S.K.: 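Have a look at this one.
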Protein chains: 2
Amino acid sequence: MPITRYSVWGVPGLPEIAAGDDLVAMIVEAIDAQAAEDADCALKDGDILIVTSKIVSKAEGMQVPVADREKAIAEDTVRVVAERVHPGGVTQIVETRHGLIMAAAGIDTSNVPDGVALRLPLDPDKSARDLCAGLRDRLGFNVGLVITDTMGRPWRVGQTDVAIGAAGIVVTDDLRGGVDANGRPLQVTITVLADELSGAADLVKGKASGIPVAIVRGLGRLVTDLNAPGARTLVRSVDDDMFRFGSAEAYRLGYDAALAELREASGQPETRLKQRQD
Amino acid sequence: MPITRYSVWGVPGLPEIAAGDDLVAMIVEAIDAQAAEDADCALKDGDILIVTSKIVSKAEGMQVPVADREKAIAEDTVRVVAERVHPGGVTQIVETRHGLIMAAAGIDTSNVPDGVALRLPLDPDKSARDLCAGLRDRLGFNVGLVITDTMGRPWRVGQTDVAIGAAGIVVTDDLRGGVDANGRPLQVTITVLADELSGAADLVKGKASGIPVAIVRGLGRLVTDLNAPGARTLVRSVDDDMFRFGSAEAYRLGYDAALAELREASGQPETRLKQRQD
């Protein structure tokens with residue numbers, strides 16, 4: 001029985017990236033330098049590159065002065081999902097323009113130069129397609145590419161990397177309608193390969209090590225058309241999202257709705273409601 | 001610069017597991033059979049075994065007749081987090097006895113014999129410790145072990161594997177107080193290694209392939225004392241959980257609370273509240 005075996009390693013040696021830098025060239029150079037010392041590290045057909053969003057944002061000029069951080073968060077926020085007051089201020093969990101649910105709209109100041117805050121790429125799937133296309137052109141064979149960012153999650157401590165952009169790979173393994181090894185219908189239906197790849201790469205990239213790119217080799221079966229569905233398809237639709245608001249926020253919405261209904265029923269003017277409808 | 005490189009592969013050939021089976025012996029046998037064909041597959045010091053909870057449950061006798069599925073769900077449920085009515089019935093997302101938030105308390109009927117539903121292990125960290133200790137004894141060197149299950153997540157489509165039990169590995173990389181490559185404080189604080197390992201292993205195990213064990217080699221730096229904190233420490237504390245209830249459920253709680261308060265204030269007897277307080 002042929003087994004699937006894959007390997008993962010990090011690509012060190014990328015310089016600090018600045019707006020306008022040619023990321024394809026810089027990634028290929030870093031990989032070439034690594035391959036000069038270890039020939040196994042030269043890219044091959046079917047490899048998948050896992051790229052931290054930070055260097056993509058930097059190359060795309062998404063830097064803002066730290067003083068404009070709040071403004072940038074507001075610009076990238078579609079809606080506030082939850083917020084919590086703590087001694088250091090208020091943490092807002094928001095839905096970003098990308099459909100991602102993240103603290104501070106994913107804008108952060110670690111691993112960036114002093115005085116700078118960094119927004120996420122405006123369209124990470126497009127960024128991934130551009131990078132992947134550039135790499136394929138230059139290499140002459142097919143690779144896949146995932147752009148990752150770090151996310152907290154409800155219910156479980158800590159953070160893990162997930163895919164916010166993807167190109168040239170199959171992002172999910174859709175098993176709906178499939179059967180298990182015994183021929184019985186599978187209850188688990190969609191395996192999110194792109195997120196699993198992102199987490200796998202984080203194990204060699206880490207947060208403190210300055211390694212923004214990892215290579216996954218041995219999962220070439222996941223490498224596909226450049227225009228296959230991207231990471232945006234991993235965002236759960238509103239109708240399907242049972243956790244659209246924080247519990248405290250949803251509780252307050254319910255509380256306020258009951259008060260508004262009762263005031264309406266009792267003939268009292270409901271000023272706030274009317275203002276909202278204007 | 002020395003790079004971290006690791007590899008992941010699946011272990012095929014495990015038979016259907018029954019209650020009381022010696023899982024340590026069966027896993028070692030399957031690995032030995034694989035190593036007879038490919039010597040690289042023989043276990044080494046520092047390897048990490050990623051084991052699907054299903055075979056652990058089966059060995060521990062957690063099978064129940066399908067007819068008792070609802071009763072088993074109720075037994076393993078601490079509280080209902082959210083529920084949704086759909087054409088096929090009601091899906092309940094619950095908190096399990098393990099602190100996990102899962103549909104149907106993690107009880108499922110795929111990859112199990114006909115007529116059987118399978119509960120999660122009662123104490124997956126203990127299961128992991130027992131298995132890991134058994135493997136270390138038998139092998140004469142140190143390995144780590146993670147027990148995984150498949151979970152949906154809010155906000156993002158699909159499912160991924162996470163760690164529900166762990167032994168002999170460092171489950172998180174706690175970077176609180178650490179600095180980035182530029183010496184600036186890290187905003188991301190706790191990387192959840194055990195979940196990243198679980199997802200990485202799922203890429204070779206899959207759901208339809210009947211491969212319940214994967215080996216991760218090259219991350220021996222994560223292998224540690226048998227009694228290091230387990231996967232239970234990955235459960236977010238109640239105080240820290242902003243998504244303790246589904247949005248619809250929290251909305252209803254708020255709505256009902258407002259009605260109750262108003263009735264109380266208006267001097268009307270609030271029967272339901274009084275019943276609750278009794």
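These numbers come from a predicted model, not from an experiment.
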S.K.: Do B:Thr4 and A:Ile211 have side-chain heavy atoms sitting under 4.5 Å apart?
M.R.: no
S.K.: How many angstroms lie between CZ in B:Arg153 and CZ in A:Arg153, if you round to the nearest 0.5 Å?
M.R.: 10.5 Å
S.K.: So, for B:Tyr6 and A:Leu203, which heavy atoms are closest and what is the spacing to 0.1 Å?
M.R.: OH-CD1, 3.7 Å
S.K.: Which atoms of B:Ile101 are under 4.5 Å from chain A, going by heavy atoms: the side chain, the backbone, both sets, or neither?
M.R.: both
S.K.: If we ignore hydrogens and angles and just use 3.5 Å, is the side chain of A:Gln159 paired with the main-chain N or O of B:Ile190 as donor and acceptor?
M.R.: yes
S.K.: Considering only heavy atoms, which portion of B:Thr233 lies under 4.5 Å from any heavy atom of chain A: side chain, backbone, both, or neither?
M.R.: backbone
S.K.: As an exercise, state the distance from CE of A:Met151 to CZ of B:Arg156, rounded to the nearest 0.5 Å.
M.R.: 4.5 Å
S.K.: In Å, rounded to the nearest 0.5 Å, how long is the span from NZ of A:Lys205 to OG1 of B:Thr191?
M.R.: 11.0 Å
S.K.: Quick one: which of B:Asp174, B:Asp40, B:Val11, B:Ile93 has the most heavy-atom pairs under 4.5 Å with chain A, could you say?
M.R.: B:Asp40
S.K.: Quick one: are B:Met242 and A:Thr91 in side-chain contact, heavy atoms under 4.5 Å?
M.R.: no
S.K.: Side chain, backbone, both or neither: which part of B:Arg252 has a non-hydrogen atom closer than 4.5 Å to chain A?
M.R.: neither
S.K.: With a 4.5 angstrom heavy-atom cut-off, is it the side chain or the backbone of B:Glu95 that approaches chain A, or both, or neither?
M.R.: neither
S.K.: Return the CZ to CH2 distance between B:Phe243 and A:Trp155, rounded to the nearest 0.5 Å.
M.R.: 10.0 Å
S.K.: Taking all atoms of both residues into account, what is the closest heavy-atom pair of A:Thr160 and B:Glu196, and its distance?
M.R.: OG1-OE2, 3.0 Å
S.K.: Looking at B:Val204, B:Leu222, B:Leu234, B:Asp241, which one has more heavy-atom pairs under 4.5 Å with chain A than the rest?
M.R.: B:Leu234
S.K.: Name the member of A:Ala163, A:Ser198, A:Ala201, A:Ala104 that forms the most heavy-atom pairs with chain B at distances under 4.5 Å.
M.R.: A:Ala163
S.K.: Top residue by heavy-atom pair count (under 4.5 Å) with chain A, among B:Leu219, B:Asp195, B:Val235?
M.R.: B:Asp195
S.K.: Report the C-alpha separation of B:Arg5 and A:Ile215 in whole Å, then their side-chain angles, then the decisive distance to 0.1 Å, and conclude whether the side-chain contact (heavy atoms from CB on, under 4.5 Å) test is met.
M.R.: CA-CA 10 Å; B:Arg5 184 178 195 138; A:Ile215 313 292; over 6 Å; no
S.K.: Just so I understand: if I count every heavy-atom pair under 4.5 Å between each of B:Ser7, B:Gly10, B:Cys41, B:Gly152 and chain A, which residue has the most?
M.R.: B:Ser7
S.K.: For each of A:Leu100, A:Val162, A:Asp38, tally heavy-atom pairs with chain B at distances under 4.5 Å, and name the one with the top tally.
M.R.: A:Val162
S.K.: Do the side chains of A:Leu259 and B:Glu261 get nearer than 4.5 Å, heavy atoms only?
M.R.: no
S.K.: Search all heavy atoms of B:Gly158 against all heavy atoms of A:Val192 and return the closest pair with its distance.
M.R.: CA-CG2, 3.6 Å
S.K.: To the nearest 0.5 Å, what is the distance between OG on A:Ser247 and CD on B:Glu249?
M.R.: 9.0 Å
S.K.: Name the region of B:Asp240, side chain, backbone, both or neither, that has any atom closer than 4.5 Å to a heavy atom of chain A.
M.R.: both
